[in-house]
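In this chain, numbering begins with 1 at the start of the sequence shown.
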Amino acid sequence: MAVTDPLGDLLTRIRNGQRAKKDSVLTPASKLRARVLDVLQREGYIRGYSDEQMGPVPGIRIELKYFEGQPAIKHVARVSKPGRRIYSGSQDLPRVRNGLGITIVSTPRGVLSDAEAREQNVGGEVLAEVF
């Protein structure tokens, strides 16, 4: 079955895995998913990820992170969806929980967190918010 929103699928797999207290989850591989996982790892929301086969197709194994039995990610939501894309300039990037969370942004310089995008003075498509 074809997935119409691969990034939404990735975020849902992470959310469901943490609710089920899994150590890791498996998702199909793509460049966008890997770049988003890079941001989540840099910001400390996941322990890491590695390439793994999912039958005939390549996949990514995501190591979830917990702190005192609670998931490191309290909330993860898709902002820009296939039916309605959301773009923002570097100065207008939304702040999540007054700076306690991050916004993941797809920019001409790659997929960055909102702080990195502000630092490099680039805007782009607002992919997701995490805290």
Side-chain angles (χ1 to χ4, degrees):
M1 185 172 113
V3 177
T4 58
D5 185 12
L7 186 57
D9 177 62
L10 168 74
L11 299 176
T12 299
R13 286 174 190 252
I14 291 172
R15 185 182 315 114
N16 290 344
Q18 287 195 319
R19 284 188 180 159
K21 305 281 190 211
K22 299 277 186 187
D23 289 333
S24 64
V25 292
L26 193 59
T27 184
S30 76
K31 289 180 185 178
L32 177 64
R33 291 179 195 217
R35 299 298 75 84
V36 168
L37 291 172
D38 283 338
V39 172
L40 291 175
Q41 185 175 6
R42 273 197 313 266
E43 297 292 331
Y45 288 104
I46 62 171
R47 282 192 287 158
Y49 67 95
S50 59
D51 295 331
E52 188 174 307
Q53 279 300 114
M54 275 180 59
V57 297
I60 299 174
R61 169 109 16 220
I62 305 163
E63 300 294 325
L64 302 175
K65 188 174 183 179
Y66 298 91
F67 181 71
E68 295 179 356
Q70 296 298 316
I73 299 175
K74 303 276 188 263
H75 169 82
V76 59
R78 184 86 156 98
V79 176
S80 182
K81 298 176 180 161
R84 182 167 186 229
R85 301 291 186 185
I86 307 293
Y87 297 94
S88 182
S90 63
Q91 302 305 315
D92 302 326
L93 289 170
R95 292 194 186 276
V96 179
R97 293 282 174 115
N98 208 17
L100 294 177
I102 64 166
T103 302
I104 300 173
V105 185
S106 177
T107 70
R109 296 189 185 163
V111 179
L112 305 171
S113 70
D114 57 338
E116 294 167 333
R118 277 191 203 91
E119 184 179 297
Q120 296 182 20
N121 199 26
V122 292
E125 183 179 356
V126 181
L127 298 176
E129 62 180 26
V130 181
F131 64 84

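Here the OG1 atom belonging to Thr107 is positioned 9.0 Å from the CD atom belonging to Glu116, to the nearest 0.5 angstrom. Rounding to the nearest 0.5 angstrom, the gap separating the CD1 atom in Ile86 from the CG atom in Leu127 is 11.5 Å. To the nearest 0.5 Å, the span separating CZ on Arg78 from OG1 on Thr12 amounts to 10.0 Å. The distance from atom OG of Ser80 to atom CG of Leu7, rounded to the nearest 0.5 Å, is 9.5 Å. Note that the CG atom of Leu112 and the CZ atom of Arg35 stand 11.5 Å from one another [nearest 0.5 Å]. Atom CZ of Arg61 and atom OG1 of Thr27 lie 10.5 Å apart (nearest 0.5 Å).
A chain of hydrophobic side-chain contacts below 4.5 Å, direct or via other Ile, Leu, Val, Met, Phe, Trp or Tyr residues, connects Ile62 to Leu32.
Applying the 6.0 Å contact sphere to CD of Glu119 captures no more than 12 heavy atoms from other residues, nucleotides or ligands. Within 6.0 Å of atom NZ in Lys31, 12 or fewer heavy atoms from other residues, nucleotides or ligands are found, so the atom counts as exposed in its surroundings. More than 12 heavy atoms of other shown residues, nucleotides or ligands fall within 6.0 angstrom of atom NZ in Lys74. For Arg84, the CZ atom is loosely surrounded, since the number of other residues' heavy atoms within 6.0 Å does not exceed 12. Heavy atoms from other residues, nucleotides or ligands lying under 6.0 Å from CG of Asp23 number 12 at most.
Among Leu40, Leu64, Leu37, Val76, the one residue that satisfies the side chain to side chain contact (heavy atoms under 4.5 Å, CB included) test with Tyr45 is Leu40.
The minimum heavy-atom distance linking Arg47 with Gln41 is given by the pair O-NE2, 3.6 Å. When all heavy atoms are compared, the tightest approach of Pro82 to Thr4 is CG-O, 4.0 Å. For the pair Gly44 and Lys65, the tightest heavy-atom approach, listed with the atom from each and the gap, is O-NZ, 3.1 Å. Nearest approach of Pro28 to Asp9, heavy atoms of both residues: CD-OD2, 4.4 Å.
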Next item on the list: List the steps and the verdict of side-chain hydrogen bond (donor to acceptor under 3.5 Å, both in side chains) for Arg42 and Ser113.
Entry: CA-CA 9 Å; Arg42 273 197 313 266; Ser113 70; 5.8 Å; no
Check: Would Val130 and Val39 satisfy side-chain contact (heavy atoms from CB on, under 4.5 Å), going step by step from the backbone distance to the final call?
Finding: CA-CA 11 Å; Val130 181; Val39 172; over 6 Å; no
Atom pairs and distances, donor-acceptor, side-chain atoms in residues 91-105, under 3.5 Å, two or more places apart:
from: Gln91; atom 1: NE2; to: Asn121; atom 2: OD1; distance (Å): 3.4
from: Thr103; atom 1: OG1; to: Pro94; atom 2: O; distance (Å): 3.1

Could you go through residues 66-73 and list every donor-acceptor pair under 3.5 Å that involves a side-chain atom there, pairing it with any protein atom two or more places apart or in another chain?
from: Tyr66; atom 1: OH; to: Lys22; atom 2: N; distance (Å): 3.3
from: Tyr66; atom 1: OH; to: Lys22; atom 2: O; distance (Å): 2.7

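At a threshold of 4.5 Å between non-hydrogen side-chain atoms, the residues Ile60 and Leu10 do not count as touching.
Side chain of Arg109 to main chain of Gln120: a donor-acceptor pair is present (N/O by atom type, distance under 3.5 Å, no hydrogens or angles).
Considering only residues two or more places apart in sequence or on other chains, Phe131 meets the ring-ring contact (aromatic ring centres under 6.0 Å, His included) condition with His75.
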